[in-house]
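The figures that follow rest on heavy atoms only: side chains count, while hydrogens, waters and symmetry mates do not. Residue numbers start from 1 in every chain, and the chains themselves are labelled A, B, ... in the order their sequence lines are given, proteins ahead of strands.
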Number of protein chains: 2
Amino acid sequence: MPIIKKTYKDQVVGHVYQLLLTGELAPGDQLKESLLAAEMGISRAPIREAMKELIMNGLVDYRPQVGNFIPVLSPKQIIDSYTTRGVLEGYAVMSTFEQFADEEIGKLENLTAQMESYAKKKNHKMVVEVGGEFHDLLISKNDNVQLLEYTDRLSLKLHIQFCRHWSKLYSPVEIGQRHRAIVESLRLKDPTRIEMVVREHYVETGTKIAEL
Amino acid sequence: MPIIKKTYKDQVVGHVYQLLLTGELAPGDQLKESLLAAEMGISRAPIREAMKELIMNGLVDYRPQVGNFIPVLSPKQIIDSYTTRGVLEGYAVMSTFEQFADEEIGKLENLTAQMESYAKKKNHKMVVEVGGEFHDLLISKNDNVQLLEYTDRLSLKLHIQFCRHWSKLYSPVEIGQRHRAIVESLRLKDPTRIEMVVREHYVETGTKIAEL
DNA sequence: CGGCTGGGTAATGTCGACAGTCGACAAAAG
DNA sequence: CTTTTGTCGACTGTCGACATTACCCAGCCG
């Protein structure tokens, strides 16, 4: 989420993010250029520029000669996206497992406990925030620009698609189990296991979301 | 490479592909909108549309307020891209290894032999073509749309970036060894090994290209 | 009654012109 | 001679208008 808003295009992107996060735009809705343009008091040109960026990040579906729509993901597409994310991030963590100091692993454990705690209190906003911190720390060691480009895109796409359903998703027990499994595998310093665990974590998450 | 060219935008994309493949555009070159527009007898609007698509596929670098450039990849970026491709395709093949019938594995072996043969004759065009066939058959079983989107992008990006250097790259012996290793692992039906071998294949290719 | 046809509407696709911004060079100040 | 500032050119960013295409629905025909 860019903070700087130099060109109109960037402002449009930010505006659409808001519409998506607040739920004013639901999957299946069409983003009409003239409407957005009128809404923001600018012409359609920067809107079109912004659309391309949103399409690039998978936040908008483009149908030629028809328009831009908020994607409606089928269960298979959801699982596919999460699986792909799992494959990429599993590798990202695995390939850097030696760089995790004991104190950082401790921090990961700490974050897991926080998530459990927030989940028990049904404070979903904080669960997501701490979860993001956990995730960021986990892949922070990797510097493969190509891989990061893809994981960032997927992360943002899935975040925006499903932020609405977080509250229905998390049981404190599962959250604890899953994240602890990742931390444990890191502690064991077993690369194969690390990759597998992270991968499964995302596949399970995807399967769960696909069910609702 | 889309064959249908309905809108001007698609024609522009195709045109730029040609410029890239023929080497008329070299890494570092700027794609000037007005120039392309004049060249094709259209306005800048569809050019800009096409640029966004090319940027999306990683074929063009975008620098705000400055312009669009053919990317100059650093050795690290090259290795990163190939590694990422290896991670994705390694998983794609691994997760579908059971679907390869003996006859298809035979075909893969056959294609490998063809590549060796063409490589010996220094017929690089055919090496690449048969190599593409090998690659397509290898991931044809996978139907993860998200994963395929990324592998396709990477495949196209790397193809266009390095098509110029193919002739310097391939030694018949290496081609045979590498591809045969993949076929063998498939025959063994050992998923872990399959994933590893495919991954390494791409990492090695990337390392090799990064060196020149 | 169902399917096809055609016109109207509303959206995207394209256009040419103008405004804003960056980079380079040159002139002036220290 | 070095540094700063001003100016210029070329490119991207934005605009409003026009062209084209897809969708909807009414009316016709089988």
Using whole Å, report how far CG of B:D61 lies from C1' of D:dC11.
-> 17 Å

Kindly point out which of D:dC11, D:dG13, D:dT14 is positioned nearest to the side chain of B:Q30?
-> D:dC11

Distance, rounded to the nearest Å, where B:M51 contributes CE and D:dC11 contributes P = 14 Å

Measure the distance from CG on B:L36 to C1' on D:dA10 and round it to the nearest whole Å.
-> 15 Å

Rounded to the nearest Å, what distance is computed from the CD atom of residue B:E33 to the P atom of nucleotide D:dT14?
-> 12 Å

Describe the nucleic acid contact of B:L35 in one word from base, sugar-phosphate, nothing, applying a heavy-atom distance below 4.0 Å.
-> nothing

Between B:E116 and B:H179, is any side-chain donor less than 3.5 angstrom from a side-chain acceptor?
-> no

Between B:R63 and A:Q65, just flag the one whose closest nucleotide in DNA chain D comes earlier from the 5' side.
-> B:R63

Is a side-chain donor-acceptor pair under 3.5 Å present for A:T7 with A:D10?
-> yes

Provide, to the nearest angstrom, the distance between the NZ atom belonging to B:K9 and the C1' atom belonging to D:dT20.
-> 16 Å

Given atom CG of B:L31 and atom C1' of D:dC11, what is their separation to the nearest angstrom?
-> 13 Å

Whole Å only: how far is the CZ atom of B:R48 from the P atom of D:dT14?
-> 7 Å

Verify, without hydrogens or angle tests, whether A:D29 (side chain) and A:A26 (backbone) share a donor-acceptor contact under 3.5 angstrom.
-> yes

Distance-only, no hydrogens or angles: does the B:K76 side chain make a donor-acceptor pair with backbone N or O of A:D143 under 3.5 Å?
-> yes

Consider only side-chain N and O atoms of B:S155 and B:D152, and report whether a donor and an acceptor are under 3.5 Å apart.
-> no

Any donor-acceptor N or O pair under 3.5 Å, side chains B:T151, B:E89 = no

Please list, in 5' to 3' order, the outermost nucleotides of DNA chain C lying under 4.0 Å from any heavy atom of chain B.
-> C:dT14 to C:dC22

Take B:E149 and B:R153 through the salt bridge (charged side-chain N to carboxylate O under 4.0 Å, His left out) test and state the conclusion after the steps.
-> CA-CA 6 Å; B:E149 183 188 321; B:R153 274 193 208 169; 2.6 Å; yes

Quickly work out the B:N68 CG to D:dG13 C1' distance and round it to whole Å.
-> 12 Å

Remember a base hit wins even if backbone is also touched, and classify B:I47 as base, sugar-phosphate or nothing at under 4.0 Å, heavy atoms.
-> nothing

